[in-house]
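The block underneath contains the structure these notes are about, expressed in structure tokens.
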Amino acid sequence: MASFLLRRASCSATRILSSSLSLPTATIIPKSNPSPNFIYHHYLLHHFTQFSRQNKIPSPYLTFIKEISNIPSTKEEKEQKRNNGELPKRGEKSWIDVYLPRQVRPYAHLARLDKPIGTWLLAWPCMWSISLAAEPGSVPNFKMMALFGCGALLLRGAGCTINDLLDRDIDTKVERTKLRPVASGLLTPFQGLCFLGFQLFLGLGILLQLNNYSRILGASSLLLVFSYPLMKRFTFWPQAYLGLTFNWGALLGWSAVKGSLDPAIVVPLYASGVFWTLVYDTIYAHQDKEDDLKVGVKSTALRFGDSTKEWITGFGTACISSLALCGFNADIGWSFYAFLAAASGHLAWQIWMADLSCRADCNRKFVSNKWFGAIVFSGILFGRLWS
């Protein structure tokens, strides 16, 4: 309806302009009306811009015509915008909307249960660390891996809840986030806080099953979790802060098995995770760079601009180098380095093939990082078995 009314308004504006510009109406509005956006809206915009400059037309009218020219009126244009991630895909529903009760759905969406990539990215550094802590020739502690897998799911959900509570005013202004449960009003902030408390309570149950050293180390990560959403208001490097937060499991997994930390092994492992996060989350941030500029929040995508690929190439190199140093200090088997070479190829592929101007492609490259984590984990697993 809005598109119809705006097109009617554009036709009226066109007739007025055609008399002012001494141009035949038929010249501006083709009778066959082929591709309205491309032909007469843009043709109208071109002539109206010239006319406004000559006659000093107030800028709001020019802005109105520009907005009209951006309305996707044909099926082809709408489909192209959906493919680029600018419009939601037709009939797009997740398993949450199909299988869960209506009352539970907003909470499941708040925890991003339908988007498991965040859980994978949080869990992989934990799995790397637990596998490295295994004795040579032995498999990792499966009980510990199961605990950390559940912990990653809960902590990721809690982190998303904190993020949505703190960013609810910003999310309403960003196209990709304006339909989130708190921002859209499906859940009140109080309901979000109650759900956060429930998730943290379950997470505490997992933390209490670890040794005392790991309990203190794990609890200290909450400072990072609660403060991360605020970083984009103050610094262009929130992705680095996310790296410090998301890869805490690289420290915690080792201590949960060994009861202490070995800096020669866990520090390079932790650093590799931070550099990895700078790669994938900078690519991810390019989805929102236009909205971020409007809202006034910061990101590495805005900081790097056209030099993004050079920066993330450096971060990717640092990530692989840190993993190699970690493997060397851990005296891991040669198979680890074969898998590390494959992981390097995957990282290089996503960096150089990412179309940073396409939201959909940025999201695809971001999601593909679950395979990078799986490749590194496989390398550590087989390297420990054959060391």
* Structure fact -> Here the pair of heavy atoms bringing A240 nearest to L278 is N-CD2, 3.6 Å
* Which is it for L132 and C326 under the side-chain contact (heavy atoms from CB on, under 4.5 Å) test, yes or no, and what are the steps along the way? -> CA-CA 9 Å; L132 271 173; C326 173; 3.4 Å; yes
* Going by the salt bridge (Lys or Arg N to Asp or Glu O under 4.0 Å) test, which pairs reach into residues 107-122, not counting sequence neighbours? -> R112-D164
* Would you give the length of the straight line joining atom CD1 of I130 to atom CG of L381, rounded to the nearest 0.5 angstrom? => 12.5 Å
* **Under the side chain to side chain contact (heavy atoms under 4.5 Å, CB included) test, residues paired with T172 that sit two or more places apart** => A183
* Asked: Would a hydrophobic clustering, with Ile, Leu, Val, Met, Phe, Trp and Tyr connected at side-chain separations under 4.5 Å, put V376 with W334?
  -> no
* **Spacing of L222 atom CG and L224 atom CG [to the nearest 0.5 Å]** => 9.0 Å
* Asked: Closest heavy-atom contact between L252 and S255?
  -> O-OG, 3.0 Å
* Cut-off 3.5 Å, side chains only: do Q239 and S299 have a donor facing an acceptor? -> no
* Structure fact -> Correct closest heavy-atom pair for L122 and F246 would be CD1-O, 3.3 Å
* Asked: Nearest 0.5 Å, what's the CG-CG distance between L340 and L347?
  -> 10.0 Å
* Should the heavy atoms of other residues, nucleotides or ligands under 6.0 Å from CG of D331 be counted, would the total exceed 12? -> no
* **I312 side, atom CD1; C319 side, atom SG - distance, nearest 0.5 Å** => 12.0 Å
* Asked: Does the side-chain contact (heavy atoms from CB on, under 4.5 Å) test come out yes or no for R359 and E290, once each step is laid out?
  -> CA-CA 11 Å; R359 294 185 180 186; E290 290 85 4; 4.0 Å; yes
* Structure fact -> Excluding V297, membership of its hydrophobic cluster (Ile, Leu, Val, Met, Phe, Trp, Tyr; side-chain heavy atoms within less than 4.5 Å) reads I170, V174, V295
* Asked: Under the side-chain contact (heavy atoms from CB on, under 4.5 Å) criterion, do C126 and M144 qualify, and how do the steps go?
  -> CA-CA 10 Å; C126 305; M144 202 63 67; over 6 Å; no
* Tracing side-chain links under 4.5 Å among I, L, V, M, F, W and Y, which residues wind up in one group with W349? -> M353
* R168: which of T177, N163, V182 passes side-chain contact (heavy atoms from CB on, under 4.5 Å) -> V182
* Pairs flagged by salt bridge (Lys or Arg N to Asp or Glu O under 4.0 Å) wherever residues 222-247 is involved - sequence neighbours left out -> D167-K232, D167-R233
* Any pair with a residue in residues 188-212 that passes ring-ring contact (aromatic ring centres under 6.0 Å, His included), sequence neighbours left out, goes on the list, sorted by first then second residue, please. => Y107-F195
* **Counterpart residues, side chain to side chain donor-acceptor pair (under 3.5 Å), relative to Q287 (two or more places apart)** => none
* Asked: Salt bridge or not for D355 and R364, using N-O below 4.0 Å?
  -> no
* How far apart are the C-alpha atoms of R105 and D97, what are their side-chain angles, what is the distance that settles it, and do they pass the side-chain contact (heavy atoms from CB on, under 4.5 Å) test? -> CA-CA 7 Å; R105 291 174 195 171; D97 303 305; 4.2 Å; yes
* Minimum heavy-atom distance L166-F226, with the two atoms named -> CD1-O, 3.9 Å
* Would you please indicate yes or no on a ring centroid separation below 6.0 angstrom for Y241 and W237? => no
* Structure fact -> Residues pairing under ring-ring contact (aromatic ring centres under 6.0 Å, His included) where one sits in residues 276-295, two or more places apart or in two chains, turn out to be W128-W276, W276-Y280, W276-F372, Y280-F366, Y284-F366
* Asked: Between F382 and F339, is the ring centre distance below 6.0 Å?
  -> yes
Using atom types as modelled, flag every donor-acceptor pair under 3.5 Å from a side chain in residues 257-266 to any protein atom, sequence neighbours excluded.
unit_1, atom_1, unit_2, atom_2, d
K258, NZ, A133, O, 3.3
K258, NZ, E135, OE2, 3.4
D262, OD1, A264, N, 3.3

* Cluster partners of W95, using ILVMFWY side-chain heavy atoms under 4.5 angstrom, listed by chain and number? -> I96, V98, Y99, L100, V104, L113, L153
* **N/O donor-acceptor pair under 3.5 Å between T300 side chain and R303 backbone** => no
* Pairs in or reaching into residues 268-289: which pass salt bridge (Lys or Arg N to Asp or Glu O under 4.0 Å), with residues at least two apart or in two chains? -> R176-D288
* **Check: L210 main-chain N/O paired with S214 side-chain donor or acceptor under 3.5 Å** => no
* Can you name the nearest heavy-atom pair linking S131 to I380, along with the distance? -> CB-CG2, 3.5 Å
* Asked: What pairs with P116 under side chain to side chain contact (heavy atoms under 4.5 Å, CB included), at least two apart in sequence or on another chain?
  -> W120
